[in-house]
Amino acid sequence: MAITASTVPRGPVTAKINFNERPAPGVVAFNYVDKPPAGQPQRNLPVAVHDVTIIDVRGRESEYTLDRDAFQIVQGLPPSAEETGSGSGFTDDASITANYYPEVEKLLLDNIPGSNRVFIFDHTIRRAGPDAPRRAVLMAHIDQTPYSAEKRVRRHLGDDAEELLKGRYRIVNVWRTLNKNPVEATPLAFASSSSLNDEDVIPVEHRYPEGYIGQTAAIAYNPDQKWHYLSGMTGDERLLLECFDSEGTKDNSGVAGGRLPHTAFEDPRTRPDAEGRESIEIRALVFGP
Ligand code: OGA
Ligand code: FE
């Protein structure tokens with residue numbers, strides 16, 4: 001069957017989102033990135049599933065800004081060098097780094113007022129199907145906390161870190177679909193940062209096999225949270241997800257302060273034979289002004 005616009009779910013929807021519950025007092029929440037040590041579970045936070053109304057921001061894309069909402073949409077981009085000419089089609093990490101990273105760096109500098117330096121530290125490709133090494137994440141979370149954001153700056157910026165930490169620094173994910181057609185399955189939802197209560201952000205130790213301990217945040221459900229998605233995302237669109245902003249952690253700054261909760265969700269309107277969602281997210285430190 002040909003894919004037409006009518007098979008793409010659009011508009012507001014009620015769907016299940018997976019949240020976590022807070023740990024018992026004194027218990028450190030953790031998550032092992034690979035196999036846990038013998039006798040330990042993969043993660044120790046209870047899961048809580050809630051029905052959530054998710055609003056479609058399609059048609060109102062330009063109303064949202066990083067400073068106020070901690071998410072922003074960029075549209076009408078030309079094809080990446082990674083998907084034309086000698087690019088690997090987002091299959092080879094070195095090629096992605098060579099072709100796509102510089103494009104994302106420019107995108108961030110062009111779209112974040114006052115930004116003057118970008119350092120991309122990671123990317124993740126997600127594909128559908130049981131054999132995919134990384135798949136969509138069906139759990140509300142924020143990739144970093146203030147602790148791990150500062151740690152990232154020190155880890156990657158070396159001698160410049162101390163000076164850079166005195167200015168404004170943010171962590172922004174740049175998310176795009178790799179599907180040829182508009183996304184029909186497992187879209188990404190994100191809750192406006194201003195609707196998030198600090199008490200519903202649960203720090204989680206993110207334990208890597210080589211011993212490095214990062215910190216992410218799990219999210220407890222709260223009916224005040226306002227969840228959004230962008231229906232039928234296409235390859236010429238980018239979603240900027242701000243995970244941390246040093247400016248917003250200062251009192252009365254009037255900015256959202258990053259900390260954008262996000263998660264993939266199964267849309268109950270998605271037709272059973274819809275193409276699985278494929279995507280790449282870039283993680284970047286953004287400095288300035
Ligand atoms: C992210 C993220 C999950 C997904 O971009 O940080 O959590 O399913 N993505 O794409
Ligand atoms: Fe994430």
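We count ligands from 1, going down the list as the structure has it; atoms in each ligand are counted the same way. From a predicted model like this one, the values you see are computed outputs, not experimental measurements. All heavy atoms count here, side chains included; hydrogens, waters and symmetry mates do not.
At a cut-off of 2.8 Å, His141 is counted among the residues with an N, O or S atom near the Fe ion (ligand 2).
Ligand 1 places these atoms under 4.0 Å from at least one heavy atom of Ala136: 8 (O). Listed by number with element, the atoms of ligand 1 under 4.0 Å from a non-hydrogen atom of Asp143 are 6 (O). Listed by number with element, the atoms of ligand 1 under 4.0 Å from a non-hydrogen atom of Ala264 are 8 (O). For ligand 1 and Asn173, the ligand atoms under 4.0 Å from any heavy atom of the residue are 1 (C), 5 (O), 6 (O). Below 4.0 Å from some heavy atom of His141 lie the following atoms of ligand 1, by number and element: 7 (O).
Using modelled atom types, one finds no donor on one side chain facing an acceptor on the other under 3.5 Å when comparing Thr65 with Asp67.
Of all the heavy atoms of Leu188, the ones lying under 4.0 Å from any atom of ligand 1 belong exclusively to the side chain.
Each of Glu237, Glu82, Glu83 was evaluated against Arg176; a single residue qualifies, Glu83, per the salt bridge (charged side-chain N to carboxylate O under 4.0 Å, His left out) test. The residue from Glu205, His206, Arg207, Gln42 that alone fulfils the side chain to side chain donor-acceptor pair (under 3.5 Å) condition with Tyr32 is Arg207.
Between Lys166 and Glu162 no salt bridge is recorded (no basic side-chain N to carboxylate O distance below 4.0 Å).
Shortest distance from the Fe ion (ligand 2) to Asp143 is reached at OD1 (N/O/S atoms only).
By the 30° and 60° cut-offs, the orientation of the rings of His50 relative to Tyr221 is parallel.
Remark: the backbone N or O of Gly214 is not paired with any side-chain donor or acceptor of Arg152 at under 3.5 angstrom. One N or O on the side chain of Asn44 and one on the backbone of Val28 form a donor-acceptor pair closer than 3.5 Å.
Looking at atom 3 (C) of ligand 1, its nearest protein heavy atom turns out to be Arg126 NE, 3.5 Å. Shortest contact from atom 5 (O) of ligand 1 to any protein heavy atom: Glu281 CD, 3.1 Å. Of the protein's heavy atoms, Arg277 NH1, 2.8 Å lies nearest to atom 10 (O) of ligand 1.
Considering backbone and side-chain N/O of Val137, one or more are found under 3.5 Å from N/O of ligand 1.
Aromatic ring centres of His228 and Phe71: separated by under 6.0 Å.
How far CG of Leu45 is from CZ of Phe30: 9.0 Å, rounded to the nearest 0.5 Å.
Ligand 1 lies nowhere less than 4.0 angstrom from a heavy atom belonging to Arg135.
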